[in-house]
Amino acid sequence: MFALIDCNNFYASCERLFNPKLENFPVVVLSNNDGCVIARSEEAKKLGIAMGQPYFEIKKLAEQKLVHVASSNFSLYGDISQRVMNILHYFIDEIEIYSIDEAFINLDQIKKSDLTAFGLDIRKTIKQWTGIPVSIGLGSTKTLAKAASKVAKKQPQFGGVVNFINNPAIDSWLDQIAVDDIWGIGRQYGKLLKSLNIATALDFKKLPPDWIKKNLTSAGLTTWQEINGQALVDFEKEKSQAKSIISSRSFKQPIRELGALEKLVASYTARAAEKLRADRLKAKEISVYIRTNRFNRENFYFNSTKIKLNPPTDYSPELITQAQIALKKIFKPGLPYKKAGISLTQLVDKNCIQPNLFENKNLENKKERLMRCLDKLNQKFGSKTIGSAAESFCGVSFLEQSFKSPSYTTDWQELLLVK
DNA sequence: TCTGGGGTCCTAGGACCC
DNA sequence: TCTGGGGTCCTAGGACCC
């Protein structure tokens with residue numbers, strides 16, 4: 001038995017915490033470069049603003065309807081997320097943090113007769129201690145718990161907690177959940193299913209498994225089994241080791257010069273390398289990609305290439321050197337590039353690496369100490385305090401964030417002032 | 001004019017082997 | 001004219017998640 005705790009409209013709710021005037025007003029949060037809408041308050045949803053909609057499409061509406069528009073403030077959201085997760089830990093030892101705004105708990109470890117009341121208690125405490133509203137769904141599988149949390153979010157009469165465990169009405173609720181709202185059914189499968197008149201989670205539940213396997217592959221079959229009450233997706237109490245680390249950005253204005261791209265790729269690589277070292281991993285492979293505007297079909301250019309790293313490394317200068325070599329291989333002069341990114345793949349535990357017979361132990365130790373020093377300085381004095389000259393630090397920002405709220409809880413300079 | 005970022009998993013098909 | 005059978009491994013692309 002599982003419960004899913006899901007923060008409502010999380011980023012929008014975070015923006016409200018320190019700006020209570022926004023309560024009952026529409027709020028949206030934008031992606032990087034203030035490009036797309038990535039979170040909406042209930043009021044904003046009611047205005048018809050869609051998830052992922054480009055900001056320029058709703059700008060007029062937002063002005064007319066006094067929508068509060070916020071650029072994304074991930075240091076704030078990350079910190080509030082931690083506070084919510086800490087409260088869950090207060091109730092229970094083991095939680096599975098599924099995303100920045102969601103966590104599963106395994107109810108088998110709860111010795112309580114009334115699980116719904118337990119959920120209500122969690123919800124009330126999170127709201128009281130952080131100000132963040134959450135929805136909680138309980139189910140005999142993770143997929144059912146997810147579905148229950150959707151009902152909890154949409155049906156206020158349940159006080160934010162819906163229990164599907166031993167619930168005789170479960171099928172009538174599944175009949176009210178759109179098929180593409182099921183965890184594991186996305187846009188493409190949703191389209192396919194709807195074209196066959198399979199509109200709700202209940203319709204999906206009744207499909208023959210062979211058909212699911214054939215058309216939605218094995219992952220789809222797992223979803224079907226979970227909807228039918230067979231728990232296949234395990235509770236994961238330990239965070240699994242990362243398999244890849246990605247760092248990429250779109251540019252507000254297109255970039256044509258190789259030099260500028262080199263600097264950006266270097267800084268993305270430095271950021272990914274920092275994460276790599278924080279996770280005590282090394283990479284066996286680095287890949288780089290660049291692309292032009294994907295909404296301009298005629299002259300679209302995308303290319304990527306990868307380079308093997310032997311031996312595996314977490315040393316920023318080496319990674320940056322290789323990233324720039326890769327970039328030069330795929331760079332075509334004169335194109336208006338809109339995005340570049342790098343990814344580190346084939347990650348291995350840094351302590352489980354076959355050493356090179358001819359490696360210079362002394363030099364390797366020096367490199368490691370240099371990286372440790374770099375990470376410490378950047379931690380203490382702020383990111384990008386020091387770094388590789390290849391990153392330029394030229395002061396040119398390619399990122400636009402016109403509506404960013406202060407980092408109220410993570411930066412001494414930006415604490416909330418109280419009169 | 002303007003369109004995010006960071007992940008995981010599965011599968012078909014192509015390369016290779018004998 | 002006609003051209004086997006049984007494997008493994010890798011990767012690109014496509015699905016999904018938040």
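A, B, ... follow the sequence lines: proteins, then strands. Residue 1 opens every chain.
- No contact: Lys59(A) has no heavy atom under 4.0 Å from any strand.
- Residues that satisfy the side chain to side chain donor-acceptor pair (under 3.5 Å) test with Tyr98(A), not counting sequence neighbours, are Trp183(A).
- Between the side chains of Ser250(A) and Asn33(A), no donor-acceptor pair is found at a separation under 3.5 Å.
- Counting any heavy atom pair closer than 4.0 Å across all strands shown, Leu30(A) reaches no nucleic acid atom.
- Along DNA chain B, the nucleotide nearest Ala219(A) and the nucleotide nearest Arg249(A) are compared for position; the residue whose nucleotide lies closer to the 5' end is Arg249(A).
- In this structure, the side chain of Asn163(A) does not engage the main chain of Leu115(A) through any donor-acceptor pair within 3.5 Å.
- Residue contacts shown for Ile245(A) are limited to sugar-phosphate atoms, with no base heavy atom under 4.0 Å away.
- With hydrogens and angles ignored, the 3.5 Å screen pairs no side-chain donor or acceptor of Glu262(A) with any backbone N or O of Ala390(A).
- Glu226(A) and Thr143(A) form a side-chain donor-acceptor contact under 3.5 Å, judged by distance and modelled atom types alone.
- Checked by atom type, the side-chain pair Arg83(A)/Thr130(A) shows no donor-acceptor distance below 3.5 Å.
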Can you give the dot-bracket line for DNA chain C, using ( ) for pairs inside the strand, [ ] for pairs that cross earlier ones, | for pairs with another strand and . for unpaired bases, where Watson-Crick and G-U count if both distances are under 3.5 Å?
....||||||||||||||
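- Heavy-atom contacts of chain A under 4.0 Å fall on DNA chain B between two terminal nucleotides, which in 5' to 3' order are dC2(B) to dT11(B).
- Here Ile182(A) lies in heavy-atom contact (under 4.0 Å) with sugar-phosphate atoms only.
- A donor-acceptor pair shorter than 3.5 Å cannot be found between the side chains of Arg271(A) and Ser383(A).
- The stretch residues 19-72 of chain A participates, sequence neighbours left out, in these ring pair (Phe, Tyr, Trp, His ring centres under 6.0 Å) pairs: Tyr55(A)-Phe403(A).
- Remark: the Ser244(A) side chain and the Thr345(A) side chain contain no N/O donor-acceptor pair separated by less than 3.5 Å.
- Within 6.0 Å of atom CD in Gln413(A), 12 or fewer heavy atoms from other residues, nucleotides or ligands are found, so the atom counts as exposed in its surroundings.
- Shown here are the salt bridge (Lys or Arg N to Asp or Glu O under 4.0 Å) partners of Lys284(A), two or more places apart in sequence or in another chain: there are none.
- Counting non-hydrogen atoms under 4.0 angstrom, Lys146(A) reaches the backbone sugars and phosphates but no base.
- Residues from residues 69-104 of chain A with heavy atoms under 4.0 angstrom of DNA chain C, sorted by number: Tyr98(A), Ser99(A), Asp101(A), Glu102(A).
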